[in-house]
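Encoded as structure tokens, the structure appears first; notes follow it.
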Amino acid sequence: MKENKLKVFINQDFSGNLSYENDKYIFNYLENCSNVVSLTMPVRTQSWVDKKLHPIFQMNMPEGALKDAIKNSFAKIKKMDDIGFLELIGPYMLGRIKFNELNLYEDNLQLENILHNSKENLFDELLSKFAIRSGVSGVQPKLLLSAHNKTTMKFEHFIVKSWSDEYPQLALNEYFCMRAIRNANLITPEFYLSDDLSMFVIKRFDIKDDDSYLGFEDMCVLTARGTDGKYDGSYEECARVIKDIIAPQHKKETLKTFFKAIVMNHLLQNGDGHLKNYGILYDKDFKDAYLAPIYDVITTTVYIKNDIPALRMSDGKLWWK
């Protein structure tokens with residue numbers, strides 16, 4: 001495999017190739033591929049060409065300080081451009097799209113040992129052991145782990161999140177905000193708070209009972225934006241995406257759900273409810289698409305006193321009464 005070319009897998013099926021040539025990113029489906037990498041990139045013989053990395057391939061890449069930390073750790077052994085980055089973390093990335101090879105083994109972890117551990121700096125220990133598994137978007141450290149759940153007696157898939165001292169009690173903040181979202185009768189993933197209040201653990205909602213993956217696309221991808229455009233959109237734009245993609249019999253209820261999520265976002269003053277924090281799930285294509293559970297909700301104004309909403313409404317960013 002050339003250094004500037006990656007195999008792209010959808011679930012466990014080799015489905016196409018991503019390459020970087022002449023300052024352009026080029027994706028080609030294999031001849032008999034039937035699954036789409038994105039609802040915005042239907043299967044075709046013509047190449048999908050972009051000057052920037054395609055939004056669907058950007059979607060789950062770490063950002064900001066987290067991305068810089070991973071780059072710095074591996075820069076001596078690998079060219080850490082987008083292709084090099086995807087080659088490194090590609091087998092572990094969140095979602096059904098993987099790059100170059102598949103990671104099929106389970107971690108030897110117990111969920112209760114993560115939640116009820118008295119060790120100081122447990123997250124740092126996990127991060128040092130599983131550092132390469134940071135294939136999930138965001139600027140704060142997160143890990144993708146499989147752990148045995150004593151309640152269900154199965155290995156299940158989780159995202160484990162922790163934060164620096166810059167944002168004190170952020171795990172507790174997210175836990176209570178997600179409790180409020182659930183109490184408003186909005187669907188959320190399963191979530192937990194560690195006993196020492198340092199880690200927020202959320203169960204993956206994109207994995208089916210047979211361990212294959214549902215398609216997930218956030219509003220950045222669905223509005224044809226890269227990750228750096230996550231604060232550029234509007235709630236109205238998200239509503240238009242829902243109208244275009246969700247099945248007709250579910251549209252009205254989905255729009256009500258989305259509106260309730262916006263109301264809760266404003267009541268909780270979550271200034272980080274950007275385009276990457278809303279998305280849709282589907283099995284094979286848009287015919288069965290539905291709104292993903294609500295996730296990543298925190299009160300940001302306790303840390304940034306004059307914070308404003310992440311997205312526009314009626315052409316402005318302000319907390320509506």
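Heavy atoms only: backbone and side chains are in, while hydrogens, waters and symmetry mates are out. For reference, positions follow the sequence shown, starting with 1. Worth saying up front: this structure is predicted, and the values here are computed from it rather than measured.
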For residues Y303 and L170, determine if any side-chain heavy atom of one lies less than 4.5 Å from a side-chain heavy atom of the other. yes
I'd like to know if the side chain of D50 and the backbone of L53 have a donor-acceptor N/O pair within less than 3.5 Å. no
Any donor-acceptor pair under 3.5 Å linking the side chain of R44 with the backbone of Q46? yes
Under 3.5 Å, is there a donor-acceptor pair between the side chain of K276 and the main chain of M59? yes
Please check: side-chain N/O of D196 versus main-chain N/O of S198, any donor-acceptor pairing under 3.5 Å? yes
Do any side-chain atoms of residues 18-27 form donor-acceptor pairs under 3.5 angstrom with protein atoms, and if so which ones, sequence neighbours left out?
from	atom 1	to	atom 2	distance (Å)
S19	OG	E21	OE2	3.3
Y25	OH	D82	OD2	3.2

Do I202 and I187 land in one hydrophobic cluster if side-chain heavy atoms of ILVMFWY residues count as linked below 4.5 Å? no
Restricting to non-hydrogen atoms, name the atom on K317 and the atom on A310 that form the minimum distance, rounded to 0.1 Å. NZ-O, 2.9 Å
Side-chain heavy atoms under 4.5 angstrom apart, residues restricted to Ile, Leu, Val, Met, Phe, Trp, Tyr: same cluster for L172 and I181? yes
Find out whether E190 and F205 are in side-chain contact, i.e. whether some heavy atom of one side chain is under 4.5 Å from a heavy atom of the other. no
Under 6.0 Å from the six-membered ring centre of Y213 and within 45° of its axis: does the NZ or CZ of K98 meet both? yes
Is Q249 atom CD crowded by more than 12 heavy atoms from other residues, nucleotides or ligands, each under 6.0 Å away? yes
Measure across A289 and I245 and return the closest heavy-atom pair with its distance rounded to 0.1 Å. CB-CG2, 3.5 Å
Measure the CD1-NZ distance between I246 and K251 for me, rounded to the nearest 0.5 Å. 8.5 Å
Here the pair of heavy atoms bringing L39 nearest to E217 is N-OE2, 2.7 Å
Any side-chain heavy-atom pair of D232 and R225 under 4.5 Å: yes
Identify the two heavy atoms, one from W48 and one from T40, that lie closest to each other, and give their separation to 0.1 Å. CH2-O, 3.7 Å
Single-linkage hydrophobic cluster L268~F259, side-chain heavy atoms < 4.5 angstrom: yes
Evaluate the side-chain contact (heavy atoms from CB on, under 4.5 Å) criterion for residues D218 and L275: first the C-alpha distance (whole Å), next the side-chain angles of each, then the deciding distance (0.1 Å), finally the verdict. CA-CA 7 Å; D218 62 33; L275 292 175; 6.0 Å; no
Hey, are K52 and D228 close enough for a salt bridge, meaning a charged N less than 4.0 Å from a carboxylate O? yes
Roughly how far, to the nearest 0.5 Å, is the CZ atom of R182 from the SG atom of C177? 13.5 Å
The reported gap from NE2 in H54 to CD in Q58 (rounded to nearest 0.5 angstrom) is 10.0 Å
Counting neighbours of CZ on F176 that are heavy atoms of other residues, nucleotides or ligands and sit closer than 6.0 Å, is the number greater than 12? no
Looking only at heavy atoms, what is the nearest atom pair of P293 and L281, with distance? CD-CD1, 3.9 Å
Less than 6.0 angstrom separating the ring centers of F99 and F9, yes or no? no
Evaluate the ring planes of H266 and W319, with Trp represented by its six-membered ring, and classify them as parallel (under 30°), tilted (30 to 60°) or perpendicular (over 60°). perpendicular
Hydrophobic clustering (ILVMFWY, side-chain heavy atoms < 4.5 Å, transitive) - are V263 and M219 grouped together? yes
Flag side-chain contact, heavy atom, 4.5 Å: I308 against L318: no
Indicate yes or no: at least one non-hydrogen side-chain atom of M313 is less than 4.5 angstrom from one of I262. yes
Side chain N17, main chain Y29, donor-acceptor under 3.5 Å: no
Spell out, as yes or no, whether a donor-acceptor pair under 3.5 Å connects the side chain of R240 to the backbone of K243. no
Can you list the steps and then say if S212 with N11 is a side chain to side chain donor-acceptor pair (under 3.5 Å)? CA-CA 6 Å; S212 64; N11 280 315; 4.9 Å; no
Under 4.5 Å between any side-chain heavy atoms of M178 and I298, yes or no? no
Going through the checks in order, is the side-chain contact (heavy atoms from CB on, under 4.5 Å) test met by D206 and R96? CA-CA 8 Å; D206 61 331; R96 67 181 191 150; over 6 Å; no
Test: K161 cationic atom under 6.0 Å from F200 six-membered ring centre, within 45° of axis: no
Student check: side-chain heavy atoms of T254 and Y290 closer than 4.5 Å: no
Roughly how far, to the nearest 0.5 Å, is CD1 of I97 from CZ of F57? 5.5 Å
Could you measure the distance from the CE atom of M199 to the CG atom of L115? Nearest 0.5 Å is fine. 7.5 Å
Step by step, work out the side-chain contact (heavy atoms from CB on, under 4.5 Å) result for M264 and V297. CA-CA 9 Å; M264 290 301 296; V297 181; over 6 Å; no
ILVMFWY cluster, M41 and V43 together (side-chain gap under 4.5 Å): yes
If we only count heavy atoms from C-beta on, is the F191 to K203 side-chain gap below 4.5 Å? no
Taken to the nearest 0.5 Å, the spacing of L88 CG from I83 CD1 works out to 13.0 Å
Please name all residues satisfying side-chain hydrogen bond (donor to acceptor under 3.5 Å, both in side chains) with R179, sequence neighbours left out, ordered by chain then number. Y175
For the backbone of E237 and the side chain of S234, can you confirm whether one donor and one acceptor N or O come within less than 3.5 Å of each other? yes
When N270, T300, T299 are each screened for side chain to side chain donor-acceptor pair (under 3.5 Å) with D307, the one that passes is T300
Start with the C-alpha distance between N277 and Y295, add both sets of side-chain angles, then the distance that settles side-chain contact (heavy atoms from CB on, under 4.5 Å), and finish with yes or no. CA-CA 7 Å; N277 285 343; Y295 58 95; 3.8 Å; yes
Closest heavy-atom contact between V221 and S38? CG1-OG, 3.7 Å
